[in-house]
Amino acid sequence: MSKPKVAFFDFACCEGCQIEMTNYGAEPFLELLKHVEIVEFREAMTETTTEPIDIALIEGSFTREADRARLMEIRKRAKIVIAYGQCATTGGINALKNHQTDYKQFVYGTDSDLPHLDSKKAYGVDHVIKVDYYAYGCPVNKYEVLQILLHLLHGKEPVIPNYPVCVECKRRETVCRFDEGDYCMGMVARAGCGAPCPAAGIPCEACRGFVDDPNLAAFEKVLVERAGFTPQRAAEKGRMFTANALEAS
Amino acid sequence: MTTSFIRSDDFAAFLTAMMEAVPVYGPVAKRSRFVFERLEAPDELRLDYDVTILPPKKLFFPPAQDLLRFDEAGVEAALEPTEKVLLGVHFYDVKAIDQTDLLFSERNYDVNYMGHRETTTIVASNIQNVSGRAFFASVGTDVQPEGHDAFLTAIEGGYVFETRTERGEALLGYGAFQPATDAQIDEAARVNAAALEQCPEKLEHGTEEIATKVRAAFGDDELWNELAADCFSCGTCNTVCPTCYCFDVQDTWNVDQSGQRTRFWDGCLTEDFAKCSLGDGGSENFREQRGQRFRHRIMRKATYLNEKLGGPACVGCGRCSAGCTADIADPVRVINRIMAS
Ligand code: SF4
Ligand code: SF4
């Protein structure tokens, strides 16, 4: 049986998640290559492909109308699409601009009229195409991507957490940020990271986005009552990685 | 069994001798809170702790526990229990261990829990400081703590050490113990009785009465939705609870085709807990609403298991009350409210 063909594609992003894919270390990576054939991977090889693909891993958000056709073309060729990294899964930090109008002038100054900078609101790629699996995180957790691939190679459904970061903090007995007079987004943030930030004494910023059904009304209430936020700051707190979810709520 | 006394001055030497012979776990400070950890030095032990973040069950039933390891050649069990002493367990946590001991051993004998449990000698200790949300004095009052091998009580000038089993008796060999006097035994009894007077929270009714009335409130959707309005489905109230024992089992693979089967703590408050496969990619969640999940936990703690356990599946440690960021999980507030309605 020929090895499944895997390709990596990037849209609006920093390509940090793709770089993260090169960080497994030689041994596990070479072992992985025994089981899959990588046919396109811009950060690591020059070859590209127009052939059918078994698994397409897509990084980056959809923010330029011009990218729609390319996304649809990838979807057509790929049996399985995995969105990986927060830009591709929810729009990520690119969506921070979604509630503003002056970002182009602000960021690019006199170059702001160049055609390739003609972007609209930023969304996860599922705004345009069907996504089969999501690997969340900014940056993505490379071991989670690996685990999703290994599940698929074994014909199993990958398990992607839909519980808040609190679960992982408690499992590792992290002292709650709120108990130390701080704020935290852990109660609405999607777990799966292992909760390293609160364990290091800093709040969770929900870099994997929200759980499927975040209780945002209670979240704002707790930020105001327990962390001393103003109501406006509480309402906008989720914006960094979850602007689209906030807008939809 | 015997009742002995050890002077404060001799206590560190007792711990040191014991730690040299066997791993000893006890409460230690972690930032502003406490956790059960393996002791590295005798002065880490904080018998003055109020409550730990996680209950001691984590030593028998770890938050993530490999059950099996497998590769193309076959499967092998991952369990490797080692002898250890768990020191400084408050009586409410002993009562909770009694419950998990029963639940993991009756009918289907769970070797992965019992293997660790059977290799652990438990020394309970008196409660020197009561945590801010505790109500252990008013819950399951006719249930006595059983599963400990010795009980340590701090009194003036030292500790009274009552052994309950041969294993507890064996620990006497590590320290300069002498028979306790009647006065010392009386003082220990007074100290333990006094701790029961200090709970900041209190259930106002007996176990039976609560069980009946809480169960009768099952159909009051408005009540449960209101109680759970601020719930994050974060499962903290489950994760920190000494009597919660649900788990999920998942396989993970390594790149070389070997892998492991691991069980993780699960919690009935999380959104997907009750999501079941219907096959062919379909699924059904039979507790889809926050209110239903919130109700389920209160029912489990106050009524469903009472017959099997001989008392409520809550020991009044107050961990859920203190851990809930929305501050809605407190069983005392929920139960007292239902009882008053
Ligand atoms: S700890 Fe509180 S917010 Fe979290 S699941 Fe329990 S009741 Fe809900
Ligand atoms: S329900 Fe709450 S108070 Fe009762 S045993 Fe569990 S964590 Fe402790």
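Protein chains get the first letters and strands the later ones, always in sequence-line order, with residue 1 at the start of each.
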| field | Part of A/Val159 lying under 4.5 Å from any heavy atom of chain B | value | side chain
| message | For chain A, which candidate among B/Cys231, B/Pro63, B/Cys234 shows the most heavy-atom pairs at distances under 4.5 Å? | response | B/Cys234
| request: Answer yes or no: does atom CE of A/Met72 have more than 12 heavy-atom neighbours from other residues, nucleotides or ligands under 6.0 Å? | output: no
| message | Taking ring pair (Phe, Tyr, Trp, His ring centres under 6.0 Å) as the definition, give me every residue that meets it alongside A/Phe178, ordered by chain and number, with sequence neighbours left out. | response | none
| query | Which atoms of B/Ala64 come close to chain A, meaning under 4.5 Å heavy atom to heavy atom: side chain ones, backbone ones, both, or neither? | reply | neither
| query | Which answer fits A/Val222, side chain, backbone, both or neither, if we ask what part of it has an atom under 4.5 Å from a heavy atom of chain B? | reply | side chain
| query | What residues of residues 192-199 of chain A sit under 4.5 Å from chain B when only non-hydrogen atoms are counted? | reply | none
| request: Could you look at B/Val240 and say if it's the side chain, the backbone, both or neither that has a heavy atom under 4.5 Å from chain A? | output: side chain
| query | Has A/Ile55 got more than 12 heavy atoms of other residues, nucleotides or ligands less than 6.0 Å from its CD1? | reply | yes
Let me see the donor-acceptor pairs closer than 3.5 Å between chain B and chain A, or none if nothing turns up.
| from | atom 1 | to | atom 2 | distance (Å) |
| --- | --- | --- | --- | --- |
| B/Lys30 | NZ | A/Arg172 | O | 3.4 |
| B/Lys30 | NZ | A/Glu173 | O | 2.8 |
| B/Arg31 | NE | A/Glu180 | OE1 | 3.0 |
| B/Arg31 | NE | A/Glu180 | OE2 | 3.3 |
| B/Arg31 | NH2 | A/Glu180 | OE1 | 2.8 |
| B/Ser32 | OG | A/Glu180 | OE2 | 3.4 |
| B/Arg33 | NH1 | A/Asp179 | OD2 | 3.3 |
| B/Leu54 | N | A/Glu173 | OE2 | 2.7 |
| B/Lys58 | NZ | A/Glu173 | OE1 | 2.5 |
| B/Ala229 | O | A/Asn215 | ND2 | 2.9 |
| B/Asp230 | OD2 | A/Lys221 | NZ | 2.5 |
| B/Cys231 | O | A/Asn215 | ND2 | 2.9 |
| B/Asp251 | O | A/His151 | NE2 | 3.4 |
| B/Trp253 | N | A/Gln147 | OE1 | 3.1 |
| B/Trp253 | O | A/Gln147 | NE2 | 3.2 |
| B/Trp253 | NE1 | A/His154 | NE2 | 3.2 |
| B/Val255 | O | A/His35 | NE2 | 3.3 |
| B/Gln257 | OE1 | A/His154 | NE2 | 3.0 |
| B/Gln257 | NE2 | A/His35 | ND1 | 3.2 |
| B/Gln257 | NE2 | A/His35 | NE2 | 3.4 |
| B/Trp265 | O | A/Arg171 | NH2 | 2.8 |
| B/Glu271 | OE1 | A/Asn162 | ND2 | 3.2 |
| B/Asp272 | OD1 | A/Asn162 | ND2 | 3.3 |
| B/Asp272 | OD2 | A/Asn162 | ND2 | 3.2 |
| B/Thr325 | O | A/Arg226 | NH1 | 3.1 |

| remark: Whatever's closer than 4.5 Å to a heavy atom in chain A on B/Cys237 counts as neither
| request: Examine whether an atom of A/Leu146 lies under 4.5 Å from a heavy atom of chain B, and if so say whether it belongs to the side chain, the backbone or both; otherwise answer neither. | output: side chain
| message | List the residues meeting side chain to side chain contact (heavy atoms under 4.5 Å, CB included) with B/Ala124, not counting sequence neighbours, and say none if there are none. | response | B/Val94, B/His148, B/Phe151
| remark: Applying a strict 4.5 Å limit to non-hydrogen atoms, the region of A/Pro161 in contact with chain B is neither
| field | 4.5 Å side-chain heavy-atom contact, B/Phe232 and A/Val211 | value | no
